[in-house]
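Convention: sequence-line order gives letters A, B, ...; per-chain numbering from 1.
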There are 2 protein chains.
Amino acid sequence: MEECYKALGDKTRLRILALLRTEELCVCELTDILDMSQPAISQHLRKLKTAKLVKEQRKGQWMFYSLDGSLYPFLEANLLALPDLGQEIEKLKASGRKVCCD
Amino acid sequence: MEECYKALGDKTRLRILALLRTEELCVCELTDILDMSQPAISQHLRKLKTAKLVKEQRKGQWMFYSLDGSLYPFLEANLLALPDLGQEIEKLKASGRKVCCD
DNA sequence: TCACTATATAATCATATGCTTATATGTATG
DNA sequence: CATACATATAAGCATATGATTATATAGTGA
C-alpha cells in the first residue's frame, strides 16, 4: 500500500493517470503531451505498473498503457478525483500526432 | 494533491494514520508505540499536518493529533482501508503508559 | 537482412527524504 | 522562579528519487 501511494506522490505520474482516465495512450503520446524525455516517461510508467496502477498492452510497435484499478478498489475514487485532461488528448489528435493502430 | 499522496507514501506515516483511526494520540504515545525517536515522529506529524491529513490540539503539556478528512472527501475511504491497529493502543493502556488528561 | 521507429534499461548526477543528535520552545508544578 | 516533562526545530548525513545521456531491445517494412 505504501508503494501505491508513493507511486501517486509525483506530479508527472498523477498527470499520466489523469490522461489515462480518458483513454489508453502509448509512451510516445505521453512523451508528446507531457513534453518530457522518453526515458523519463518510461521510468514513471514502470513505477505505476509495479504499483499495479496501470497495465500495458502491446499493439504492434507501440506499448499502450491504461488504468488498472484492480488492486485496491477504494483507489478508484482517487483516480476519478483527478482532473479531466481529455482536452490535452484532443489537442494531440487535432495536431495529427495521435497514434492509430486498431 | 501530490503533497497529500506524498504524505501517504511512507510506512511510518501510514501506521500513524492507522493508529489515529482508533483514537487521537499524543506524540509521546506514538513514539512509544512505534518505537521511534521523538523528533522522527514530530517530523512525520508535521508532514501529515501540512498535507491536512491530521489536525492537532493541545491538551495541557501534550499535543494530541487526530485524523482530518476534510481536505479531500474521497480520501476517507483510503483511511478506512488502513488496518485496525487498535490492539497496539490496548497494549499501551495495559502497560499503563497511556496519557490521561481529560 | 537492413534501416527506422518505439520502448526499455543502465549509468550518472543533483535534489529530496528520513533519521540522528543537539538545542530551543512551551507548559506544569514545586 | 526553577526544574522537569513534552514537543518542535535545526544541522548533518546516508539513502532514495527523478532527470539526463547513452545504449540495448523489439517490432515494421523495404
With sequence neighbours left out, what residues match A/K11 under salt bridge (Lys or Arg N to Asp or Glu O under 4.0 Å)? none
Does any pair with a residue in residues 30-39 of chain A pass salt bridge (charged side-chain N to carboxylate O under 4.0 Å, His left out), and if so which ones, sequence neighbours excluded? A/D32-A/R97
Please list, for nucleotides 18-20 of chain D, all pairs of protein and nucleotide N/O atoms separated by less than 3.5 Å.
| unit_1 | atom_1 | unit_2 | atom_2 | d |
| --- | --- | --- | --- | --- |
| D/dG18 | OP1 | A/D10 | OD2 | 3.4 |
| D/dG18 | OP1 | A/R13 | NH2 | 3.1 |
| D/dG18 | OP2 | A/R13 | NH1 | 3.4 |
| D/dG18 | OP2 | A/K47 | NZ | 2.4 |
| D/dA19 | OP2 | A/H44 | NE2 | 2.4 |
| D/dT20 | OP2 | A/S37 | OG | 2.9 |
| D/dT20 | O4 | A/Q43 | NE2 | 3.1 |

Looking at residues at least two apart in the chain, or sitting in another chain, which of them share a ring pair (Phe, Tyr, Trp, His ring centres under 6.0 Å) with B/Y5? none
On the side chain of B/Q38, is there an atom forming a donor-acceptor pair with the base of D/dA6 - under 3.5 Å, no angle test? no
List for me each residue that meets side-chain hydrogen bond (donor to acceptor under 3.5 Å, both in side chains) alongside B/Q38, sequence neighbours excluded, and say none if there are none. B/S42
Specify the separation, in whole Å, of atom CD of B/E29 and atom C1' of D/dA6. 12 Å
B/K55 side chain to B/K49 main-chain N or O, any donor-acceptor pair under 3.5 Å? no
Under the salt bridge (Lys or Arg N to Asp or Glu O under 4.0 Å) test, residues paired with A/R46 that sit two or more places apart: none
Of B/I41 and A/C26, the one whose closest nucleotide on DNA chain C sits nearer the 5' end is A/C26
Going by salt bridge (Lys or Arg N to Asp or Glu O under 4.0 Å), name the residues that satisfy it together with A/K98, two or more places apart in sequence or in a different chain. A/E23, A/E29
List the steps and the verdict of side-chain contact (heavy atoms from CB on, under 4.5 Å) for B/I33 and B/L85. CA-CA 10 Å; B/I33 294 174; B/L85 297 184; over 6 Å; no
Restricting to salt bridge (Lys or Arg N to Asp or Glu O under 4.0 Å), what partner residues turn up for A/K47, sequence neighbours left out? none
Bounded by its outermost nucleotides with an atom under 4.0 Å from a heavy atom of chain B, the footprint on DNA chain C reads C/dT17 to C/dA28
Pull out every protein N or O sitting under 3.5 Å from an N or O of nucleotides 25-30 of chain D, one pair per line with the distance.
none

Under the side-chain hydrogen bond (donor to acceptor under 3.5 Å, both in side chains) test, residues paired with B/K52 that sit two or more places apart: none
Residue pairs meeting salt bridge (charged side-chain N to carboxylate O under 4.0 Å, His left out), one or both in residues 68-89 of chain B, sequence neighbours left out, come to B/E88-B/K91
Look at B/R46 and D/dT9 and indicate whether a side-chain polar atom (N or O) is within less than 4.0 Å of OP1 or OP2. yes
What integer distance in Å separates B/K49:NZ from D/dT7:C1'? 11 Å
